[in-house]
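Naming: A, B, ... by sequence-line order, numbering from 1 per chain. Predicted model only: the values in this text are computed from it and were never measured.
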2 protein chains.
Amino acid sequence: MTDRLGGGVRRKRPTMRDVAREAGVALRTVSRVVNSDPTVGAHLVSRVQAAISALDYAPDERAQQLRRGTSGTIGAAVRNLADAHPVLSAVDMASRSHGLAVLAMSTEDDEAREREAVMSMCGRRVDGIVIEPIGTSHDYLSAELAGGLPLVAVDRPCGGVEADAVLSDNAAGIGMAYRQLSVHGHRRIAYIGDDERIFTGRERAAAFRACVAASGGPLSGMVHPGVVTSSRVASALASVLSGPSPATALITGNVATTIEALRYLGADAGRLALVGFDDFTLADILRPALTVVAQNSAEIGRTAIDLLTARAADPGRPVQTVTIPVELIARGSGELPPPV
Amino acid sequence: MTDRLGGGVRRKRPTMRDVAREAGVALRTVSRVVNSDPTVGAHLVSRVQAAISALDYAPDERAQQLRRGTSGTIGAAVRNLADAHPVLSAVDMASRSHGLAVLAMSTEDDEAREREAVMSMCGRRVDGIVIEPIGTSHDYLSAELAGGLPLVAVDRPCGGVEADAVLSDNAAGIGMAYRQLSVHGHRRIAYIGDDERIFTGRERAAAFRACVAASGGPLSGMVHPGVVTSSRVASALASVLSGPSPATALITGNVATTIEALRYLGADAGRLALVGFDDFTLADILRPALTVVAQNSAEIGRTAIDLLTARAADPGRPVQTVTIPVELIARGSGELPPPV
DNA sequence: ATGCTTCGGGATAACGTTATCCCACACTGA
DNA sequence: TCAGTGTGGGATAACGTTATCCCGAAGCAT
């Protein structure tokens with residue numbers, strides 16, 4: 001397990017002391033040159049720089065961090081590193097523009113893993129954490145938060161602790177999807193999505209129920225939240241499409257569900273109107289092309305970093321939840337008419 | 001730019017010294033308890049642990065790293081954090097099982113960015129680096145490599161320096177694709193892929209030419225390497241499909257090309273036999289489902305970490321290039337017959 | 001009772017930086 | 001010539017750990 005690297009005899013790196021000796025100056029002078037302190041004479045500067053490049057010296061950031069008290073790194077605990085992750089990418093970009101590096105770790109949708117990752121980041125004394133929370137309770141973080149750790153939840157709020165959050169406007173998104181299908185003549189609309197123990201699953205399912213209630217459509221047997229597995233989506237879909245008055249349209253609550261639904265429908269995909277929550281790369285290539293509610297990942301990432309820096313500057317500021325608008329992208333599948 | 005966080009008054013964290021004072025023991029004893037040194041008496045251990053949890057103490061890993069001389073972190077410089085990145089995910093998994101964390105940074109296919117990212121990792125004294133090289137020359141790394149930095153190139157080799165590498169068997173993959181199309185009756189097979197300045201683009205185009213030569217098929221106008229843009233793929237495809245004897249089958253050299261080709265073909269996708277290099281999530285949902293040459297990302301990631309740890313253990317070992325087999329997954333698009 | 005071993009645990013010096021002090025040197029003005 | 005004034009640059013003490021020593025007390029045999 002913990003075999004950490006370094007068995008071999010890796011040549012030790014030159015330190016500031018070595019540079020000082022090489023240049024024939026004091027340690028502190030090298031530090032001054034490295035930090036471009038203007039109080040160093042020009043020819044001393046060049047002598048030190050010569051020594052630096054002669055020895056291939058590069059400062060040890062860990063020592064700098066330790067001394068300075070700041071790490072220049074923010075942690076990003078995301079659900080998954082394998083799938084496309086536009087938010088992580090946006091976080092990376094925004095961080096870079098602040099001179100910060102991103103320590104990305106995946107939580108694999110596992111509560112223990114999440115905790116492990118976050119604690120490891122704390123141990124590394126990151127200057128802040130962006131988290132896509134998976135666990136329902138994050139009170140293990142309360143000590144850190146009380147200590148002033150800037151933490152921003154993305155996509156879902158943290159449970160049990162007060163923390164800044166950036167969320168998508170789930171209710172509005174479901175509303176857009178529902179309206180689009182209604183406008184195109186659908187009355188019997190079904191929803192399949194994530195487990196309601198998950199925040200987004202809960203919000204989206206609730207929003208869907210509200211839409212149905214508001215429009216007076218049929219509700220019973222039309223809402224299928226639950227863990228997203230191939231078989232569960234398949235059976236939910238089968239039940240929704242069978243019986244005397246089957247659904248003519250479907251809203252899927254996340255990418256995984258959308259894909260499983262498409263897999264199940266196969267060549268019959270064109271028979272059922274479909275709007276998926278969340279966009280993905282190939283949605284425009286499918287036949288019919290997929291109508292989606294797209295989240296603004298770039299904006300989410302940027303906002304997360306903004307909140308992080310704001311809290312770092314003022315740990316006492318009130319906790320804030322920012323909701324980012326979503327957008328309906330009509331590509332065809334959501335505009336299919338109901339069968340006559 | 002470099003505004004680093006920390007403007008606010010973040011409460012300072014408890015240190016080992018604080019714990020020692022709280023528990024009424026010596027500093028060193030706390031360290032012993034933290035590192036579970038067996039030479040500490042049981043009741044002292046519990047007293048120290050009580051103090052630790054009373055103060056919410058967590059050791060500063062940076063100080064540990066500084067003192068121990070090893071960082072427990074490996075850097076991963078990958079082209080892109082936004083797209084699906086199964087190799088990064090595999091690297092993350094494999095690292096975790098070694099007790100290592102992964103510092104992931106994206107290079108955005110930019111040579112300067114790559115250098116910046118790698119140098120930043122070196123400054124953080126990572127124990128090793130996994131890199132998906134983008135630049136053609138990596139001699140800025142020669143000093144680090146000479147110093148014993150374990151570095152493994154993934155997907156493409158580094159240029160100008162000797163370093164371990166894990167590559168996919170590009171030639172075999174193109175061979176499989178070509179054979180599959182031949183077996184299904186195609187004679188006029190075209191190839192569109194990445195720029196030949198890029199290693200994989202070069203290897204795959206060369207392998208394709210070799211296949212054509214070996215089978216005695218037509219070559220002229222059939223090979224289109226170049227930068228992958230929507231317009232270039234479109235015009236290449238148009239040229240390949242026009243004229244008196246158009247191609248009846250196509251091999252695409254990477255995911256981006258595959259997707260652009262599908263976008264261009266639109267509803268006509270079923271008319272052209274197609275095999276894509278590299279698999280992706282929705283390939284099985286397309287109509288017709290896409291036949292691909294799949295790389296073994298999990299194996300690539302695992303092997304990279306293996307090479308890394310091996311070099312860390314023995315910096316003097318010979319540089320090694322490992323080739324990972326690829327696999328043809330027939331889903332339909334590559335098994336379409338030529339039009340009669 | 002005394003000498004020897006064993007073993008728990010405390011000072012203290014690193015690790016590679018930066019920040020605080022403080023001194024030595026040149027320069028100016030009377 | 002001497003006091004006053006910057007000013008470049010060197011010792012040295014942190015930052016929060018761990019490793020090396022070393023000491024005091026207890027256990028054992030004689």
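With no hydrogens or angles considered, a side-chain donor-acceptor pair links A:Arg28 and A:Ser31 at under 3.5 Å. Defined by atom type and a distance below 3.5 Å, a donor-acceptor pair is present between the side-chain atoms of B:Arg124 and A:Thr73.
Using a 4.0 Å heavy-atom distance criterion, A:Thr39 is classed as a sugar-phosphate-only contact. Nucleic acid contact class of B:Thr29 (heavy atoms, under 4.0 Å, all strands): sugar-phosphate only. B:Arg62 comes within 4.0 angstrom of nothing in the nucleic acid, heavy atoms only. At a threshold of 4.0 angstrom between heavy atoms, the contacts of B:Val40 are confined to the sugar-phosphate backbone, with no base atom among them.
Rounded to whole Å, atom P of C:dG16 lies 10 Å from atom OH of A:Tyr57. Rounding to whole angstrom units, CZ of residue A:Arg124 and P of D:dG16 are separated by 18 Å. Between A:Asp60 atom CG and C:dT18 atom C1' there is a gap of 13 Å when expressed in whole angstrom units. For the pair A:Leu27 CG and D:dA11 P, the interatomic distance rounds to 10 Å; values are reported in whole Å. As a whole-Å value, the separation of B:Arg17 CZ from D:dC15 P is 7 Å. Whole-Å rounding puts the A:Arg21 CZ to D:dG10 P distance at 15 Å. Atom CZ in A:Arg47 sits roughly 9 Å away from atom P in D:dG9 (whole-Å rounding). The distance from atom CE of B:Met16 to atom C1' of D:dC15 is 14 Å, rounded to the nearest whole Å.
Applying the 4.0 Å criterion to OP1 and OP2 of D:dT18, one finds that B:Ser31 has a side-chain N or O inside that range. For A:Gln65, no side-chain nitrogen or oxygen approaches OP1 or OP2 of D:dC15 to under 4.0 Å.
Note on A:Asp306 versus A:Arg302: no salt bridge recorded, every NZ/NE/NH1/NH2 to OD/OE distance being 4.0 Å or above.
Residue A:Arg32 places its side chain closer to D:dG9 than to any other of C:dT18, C:dG16, D:dG9. For B:Leu66, whose side chain is taken as the heavy atoms from C-beta onward, the closest listed nucleotide among C:dT18, D:dG10, D:dG16 is D:dG16.
The side-chain tip of B:Arg115 points at the ring of B:Tyr140 from less than 6.0 angstrom away and within 45° of straight on.
Within the 3.5 Å criterion, the main-chain N or O of A:Leu141 finds no donor-acceptor partner in the side chain of A:His138.
Between the side chain of A:Arg67 and the base of C:dT18, at least one donor-acceptor pair of N or O atoms lies under 3.5 Å. The base of C:dG16 does not come close enough to the side chain of B:Arg125 for any donor and acceptor atom to sit less than 3.5 Å apart. Donor-acceptor pairing under 3.5 Å, judged by distance alone, is present between the side chain of A:Arg28 and the base of C:dA19.
The 5' end of DNA chain C is approached more closely, in terms of each residue's nearest nucleotide, by B:Pro38 than by the other of A:Asn35 and B:Pro38.
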